[in-house]
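Worksheet: one structure, shown below.
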Number of protein chains: 2
Amino acid sequence: MKEDRDLMQRLKPCAMDQILMYLAFSALKTGGHRHGAFLDAAATAAKCAIYSTYMEEEQNLRRTGRLHHLEPKRVKVIVKEIDQALAEGKLLKMLGSQEPEYLIQFPYVWLEQHPWQAGAPRIVGTHLTPREKSEIERDLPDELPPARLINSIQLMELIEFLHSRSQEALPLPKREPLSEPLLDHIRDRLIYSRTVERIDISRGLPLYVLLKTSYSPESREERVFSMIEDTASYFRLLNAWVDRAPHTFRALETLDVPADQVEEALNELDKLLRAWADKYHCEGSPTLLLQLAAGLK
Amino acid sequence: MKEDRDLMQRLKPCAMDQILMYLAFSALKTGGHRHGAFLDAAATAAKCAIYSTYMEEEQNLRRTGRLHHLEPKRVKVIVKEIDQALAEGKLLKMLGSQEPEYLIQFPYVWLEQHPWQAGAPRIVGTHLTPREKSEIERDLPDELPPARLINSIQLMELIEFLHSRSQEALPLPKREPLSEPLLDHIRDRLIYSRTVERIDISRGLPLYVLLKTSYSPESREERVFSMIEDTASYFRLLNAWVDRAPHTFRALETLDVPADQVEEALNELDKLLRAWADKYHCEGSPTLLLQLAAGLK
DNA sequence: GCGTGGCATTAAGCCCCTCAA
DNA sequence: TTGAGGGGCTTAATGCCACGC
């Protein structure tokens, strides 16, 4: 996190580049999206802009190409792609959610395929001695989800299962096999996010434990989630404000506040907002959305 | 604009994809950045995320590659690139500003190279008859910047000049010649943004007029500028809030307000904010930044 | 485990050209 | 001027393998 902010400060990116960087950090580092997935998503967003220009410019391939500096041929392919997405529901290469599906779904599939009942052994079907098993069980963290331990082959099978399931949505020609680098990537991501943990044993395949019932439900992750949702929503509000849509409002205040009064000021602001909202709230009327963020400059 | 919102509604992108789309619309359609420039900027943002992971993961190429699903070789190239940017100030491929430099600077160069003094003819050095010239001058819009009209060759030379000047910052191997498609792109962008206008004449080269003293100073464009700046800043504030930085605050309120009271409510909110800011403002203390946006859901 | 090297495929960002409607 | 073809070069995303540490 600190690394990220340092990097941003040193590179001095402009506002758009900053937004891109925050997005990249969230998608790649926090969310665990593949590098290629992020590039694809950015390319798809650009395609939407091109498609939109094409429609506004009387469906003129050459002119659209000139306005955005790409080949008319390419514009045509892009327009076709978006058209198919709109008409036939073909999937565009977007991120689709905060985290990749195969990571989100992973704990559920494990819980389903390798369930564990209280009292039963967590480790089954290995060549370990009972003594070794109980030693491992003893060293397990507390409060584990009700799932058995699995070995590295079973882990691979789980990932393979999820991968093929996530590929089902794609048309046959676009499906990609689960390559070894991709498998390693997913495994490492699961470990990195502390969704699973590896237990190396002296001989034979390493074992894996499921640590959490869902991918990344830490409190920090929840805030990251809110950050992205809020920013998208804020972007949308400002977009309406740019077009002078009725009932939109934008404010930006900078004020110097003594350090020992900041908390007090923010608390009061919170109360003011609530009182204001209470005063005007009237169930069933059109819904007004208000977003606010404050912090030291 | 409407086209854009329609498209977003129909594709139902997730929050991250939404942010990318708003960015793409702003960069490509409003700002006039090249398609390739946007892709490069997104790739650069991803590179920063990868670099940051590499530093956090004890400079392990293989592990960084696995965490983000790219080849260690590629990680190495990326790390080197960012390192050079940090150490030697080498330029990364970023957007760099709301609009491309060559568009922003265009009016200034025109004004400098083809200045016009009140009373003098706007059109010089063509083979037009005095009568034709005065007819054209008569039809010109009012309130033009003090610049002479130029023909298409002179326009091309201006663009060439700007292009080569913008390439000076790049190291020799990376410089790209001004291709014809690129020239056409820049010309079309200038016309599209109503910075210049073409005047076709019956025989000979078409003429061009400079319409504005600067690229895109319309009020709408100013709001777009604020939108991007605000969003980047909001993103930063929330980023601090995610890490529970002291003195950060985030609020999100939804309330139902009767349509005929919305304006009143927003006005009151505005006053509340100002009063609150006045109350706590104390010159010379640390600066607190507060951002707020509101609108119908 | 790691870094490094080679080699292959495919897509796509760029450029240039021609011809018919 | 536009759409529809043709051709080209180059980068880079993604994969595989192999060597030496």
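When reading the values below, keep in mind they use all heavy atoms of this one structure, side chains included, and skip hydrogens, waters and symmetry mates. Protein chains get the first letters and strands the later ones, always in sequence-line order, with residue 1 at the start of each.
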| said: What contact category does A/Gln59 fall into here, base, sugar-phosphate, or nothing, at under 4.0 angstrom with non-hydrogen atoms? | reply: sugar-phosphate
| task | Output yes when at least one side-chain N/O atom of A/His69 is less than 4.0 Å from OP1 or OP2 of C/dC15, else no. | result | yes
| Is the distance from OP1 or OP2 of D/dG15 to the nearest side-chain N or O of A/Ser179 less than 4.0 Å? | yes
| query | Charged N to carboxylate O under 4.0 angstrom, B/Arg122 versus B/Glu137? | reply | no
| said: I'd like to know if the side chain of A/Asp17 reaches the main chain of B/Gly96, judged simply by a donor and an acceptor atom lying under 3.5 Å from each other, with no hydrogens or angles considered. | reply: yes
| query | Any side-chain donor-acceptor pair under 3.5 Å between A/Asp83 and A/Tyr51? | reply | yes
| remark: In whole angstroms, the gap separating C1' of C/dC14 from CD1 of A/Ile78 amounts to 14 Å
| Between C/dG1 and B/Asn60, is there an OP1 or OP2 to side-chain N/O distance shorter than 4.0 Å? | no
| Which residue lies toward the 5' end of DNA chain D, A/Pro177 or A/Arg66, if each is placed at its nearest nucleotide? | A/Arg66
| task | Could you check B/Arg165 against B/Glu101 for salt bridge (charged side-chain N to carboxylate O under 4.0 Å, His left out), going step by step and ending with a plain yes or no? | result | CA-CA 10 Å; B/Arg165 211 172 64 171; B/Glu101 286 300 316; over 6 Å; no
| message | What's B/Pro181 touching, base or sugar-phosphate or nothing? Going by heavy atoms closer than 4.0 Å. | response | sugar-phosphate
| task | Answer yes or no: side-chain N or O of A/Lys73 and base N or O of C/dG13 forming a donor-acceptor pair under 3.5 Å. | result | no
| task | By nearest nucleotide on DNA chain C, pick out whichever of B/Leu61 and B/Leu182 is the more 5' one. | result | B/Leu61
| note | Whole-Å distance, A/Phe38 CZ to D/dA13 P, equals 13 Å
| message | Any donor-acceptor pair, under 3.5 Å, between the side chain of A/Arg74 and the base of C/dG13, if you only look at N and O atoms? | response | no
| field | Which residue lies more 5' along DNA chain D, comparing B/Ala43 with A/Leu178 via nearest heavy atoms | value | B/Ala43
| message | Strictly below 4.0 Å: does A/Arg34 bring a side-chain N or O up to OP1 or OP2 of D/dT14? | response | yes
| task | Confirm from the modelled atom types if B/Glu71 and D/dC16 form a donor-acceptor pair under 3.5 Å, side chain to base only. | result | yes
| request: Find which nucleotide of DNA chain C each of B/Leu39 and A/Arg62 is nearest to by heavy atoms, and output the residue with the more 5' nucleotide. | output: B/Leu39
| Does a distance-only test, which skips hydrogens and angles, find a donor-acceptor pair under 3.5 Å between the side chain of B/Glu176 and the base of C/dC14? | no
| Is it true that A/Arg66 and B/Asp184 make a salt bridge, defined as a side-chain N closer than 4.0 Å to a carboxylate O? | no
| message | For C/dT4 and B/Lys76 - does any side-chain N or O of the residue sit under 4.0 Å from the phosphate oxygens OP1/OP2? | response | yes
